[in-house]
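The block underneath contains the structure these notes are about, expressed in structure tokens.
In the text below, chain A, chain B and the rest are named by the order of the sequence lines, each starting its count at 1.
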Amino acid sequence: MKFQAPKGVSEYFPQRSGAFERVRATLITAAATSGYQLIELPVFEDTELFARGVGESTDVVSKEMYTFEDRGGRSITLRPEGTAGVMRAVIEHNLDRGQLPVKLWYSGAFFRAERPQAGRYRQFYQVGVEAIGYDDPEIDAEVIAMADRGLRELGLKSFRLELTCLGDLASRQAHRIDLDKFISGLELDEATRAKAALNPLRLFDDKREAIKSAMLNAPILLNYLSAESRANFEKVQALLESFGVPFTINERMVRGLDYYTGTTFEFVHEMLGAQSGIGGGGRYDGLMSQLGGADLSGIGYGIGIDRVLLACEAEGIELQAISPLEIFVIALGSAEKEYVAKLINELRGAGISSDMAYGDRGLKGSMKSADKSGARYSIVVGSDELVSGSAQLKDMKTGESQSVMLSSLPQILRRSS
RNA sequence: GUGGGCGUAGCUCAGCUGGUAGAGCACUCGGUUGUGGUCCGAGAUGUCGCGGGUUCGAGCCCCGUCGCUCACCCCA
């Protein structure tokens, strides 16, 4: 039998893996340059952590988790999102005991047992951040601006940032009562009514026209915000404006995880098809205490690397690999090959990425390999070069070459890079 | 879980109302002495997803099956 990857996973191999790596690195840099530090966590956790953290009523928990029993009879789940795990680690290791806020970033694979489609995978990759311990509007703005910076750094343009505020508990409860009342007055089929019972907000992003128009007059959460929530949200908006981060208010935005409160946002790309959300996040007030920790508020986001890469491709953005080859060396005979093997070993030791032509393909074929390797320079070593110790260093972009001493290659290349 | 589309060379696909397979790209070699990206020439490559059926004959028709894909749902 011929093995195949499990259904619906995303995989990256050369050529595309270079672009994938670039996306990940760029998003990470945006976080790291804002004082966020790496937290590396397991990809599986106690099932109960997600059930309580993400919410039993969410689709993610009720039907999309990869759950299994380990050999000790424990129920284990492959992480479907990042925030719950980070909270667990912060609580378990008392990371919130020192200075606040605690600012962390993470990157890795996440798992959801959904039906795959364009931009939706069963194993997918995210870069995420969490800022825990303060609920200043400055932090909200920082987090959002960070995500925005990462995306723009990559060259993305056709996306928008949607923003809303879910308010505090009292605001949400007041709104919920009126919304339930409104929905009970609508004529709905059974499935839709069940969906509304679980989370009435979900009707706001139903794609059916009938529901859309019915919901036009539904009570809007933003109108129920307490004075404090409102002031806070306005401050966040003012800050984003001062940063030059464009956004639109989406008073009907719905997020799929139960823990969101306060400032909530989503990055939506316009050229992607059905799965157009490339990232999103928000504030979570009660999450940490609910998981047994201190009553600290936090805010974070997750950005989908797979989807951001698709977005870059849709916009025709060419992403450079992180560490392209510096030099490709061609040996013309067997004595030369031995010499070249030693030479590139030395170059690599000096931190200069280099490769050579293997086998004996002839000069033309070897030059083709050099071309495809993407190396900045190539150099040919034949019997003449072995004797004289000098060779032609060729710039692969311009086609120009210069005579150099082989022994001084490390210095020359280091200077040019 | 529910629908639609599709499975032909490594990749993207063509294959007319059934007559035992083709293109482009990629790959290898070459276009006379040691320099790639363009151009030209030559070459290699397929259990036409799998199993059954109809037929003198099936890539093409029928049934089943597996897989992929897009959408619903949901979300990164």
Taking the C1' atom in each of U35(B) and A23(B), what is the distance between them to the nearest angstrom?
32 Å
With nearest nucleotide decided by heavy atoms, which residue, Ala274(A) or Glu64(A), maps closer to the 5′ end of RNA chain B?
Ala274(A)
Would you say Phe247(A) has more than 12 foreign heavy atoms packed within less than 6.0 Å of its CZ?
yes
Base, sugar-phosphate, or nothing for Ser383(A), non-hydrogen atoms under 4.0 angstrom?
base
Return no unless some side-chain N or O of Lys207(A) is found under 4.0 Å from OP1 or OP2 of C73(B).
yes
In whole Å, what separates the C1' atom of A42(B) from that of U33(B)?
23 Å
Which whole-number value in Å describes the distance from Lys63(A) NZ to C74(B) P?
7 Å
To check you understand the geometry: which heavy-atom pair defines the closest contact between Leu186(A) and Ala214(A), and what is its length?
CD2-CB, 4.1 Å
So with a 6.0 Å cut-off around CD of Glu92(A), is the heavy-atom count from everything else above 12?
yes
Kindly say whether Glu48(A) contributes a backbone atom to a donor-acceptor pair with the side chain of Asp46(A) at under 3.5 angstrom?
yes
Quick one: Ile327(A) CD1 to U35(B) P, roughly how many Å, whole number?
18 Å
State whether Gln117(A) places a side-chain N or O below 4.0 Å from either non-bridging phosphate oxygen (OP1 or OP2) of C72(B).
yes
Between the protein and nucleotides 27-29 of chain B, list the N/O to N/O atom pairs that are separated by less than 3.5 angstrom.
{"residue": "C27(B)", "atom": "OP1", "partner": "Lys372(A)", "partner atom": "NZ", "Å": "3.1"}
{"residue": "U28(B)", "atom": "OP1", "partner": "Arg361(A)", "partner atom": "NH2", "Å": "2.6"}

Counting distance only, does the side-chain N/O of Ser408(A) pair as donor-acceptor with the main-chain N or O of Gln411(A) below 3.5 Å?
no
Nearest-Å distance once atom C1' is located in both G15(B) and G7(B):
15 Å
Dot-bracket line, read 5' to 3' along RNA chain B, where crossing pairs take [ ] and | marks a partner on another strand, Watson-Crick or G-U under 3.5 Å:
(((((((..((((........)))).(((((.......))))).....(((((.......))))))))))))....
Would Asp205(A) and Lys212(A) pass as an ion pair if we require N to O under 4.0 Å?
no
Let me know the distance between CZ of Arg112(A) and P of A76(B), rounded to the nearest Å.
5 Å
Does any part of the side chain of Ile327(A), heavy atoms only, come nearer than 4.5 Å to the side chain of Asp355(A), both counted from C-beta?
no
Which residues in residues 120-130 of chain A have a heavy atom closer than 4.0 Å to any atom of RNA chain B?
Arg120(A), Tyr121(A), Phe124(A), Gln126(A)
CD of Gln275(A) versus P of C74(B): gap in Å, rounded?
11 Å
Both conditions, 6.0 Å and 45 degrees, for the charged tip of Arg79(A) above the ring of Phe110(A): are they met here?
yes
Is Lys157(A) atom NZ crowded by more than 12 heavy atoms from other residues, nucleotides or ligands, each under 6.0 Å away?
no
Does Glu114(A) offer a backbone N or O that forms a donor-acceptor pair with the side chain of Arg122(A) under 3.5 Å?
yes
Which class fits the ring pair Tyr125(A) and Tyr12(A): parallel under 30°, tilted 30 to 60°, perpendicular over 60°?
perpendicular
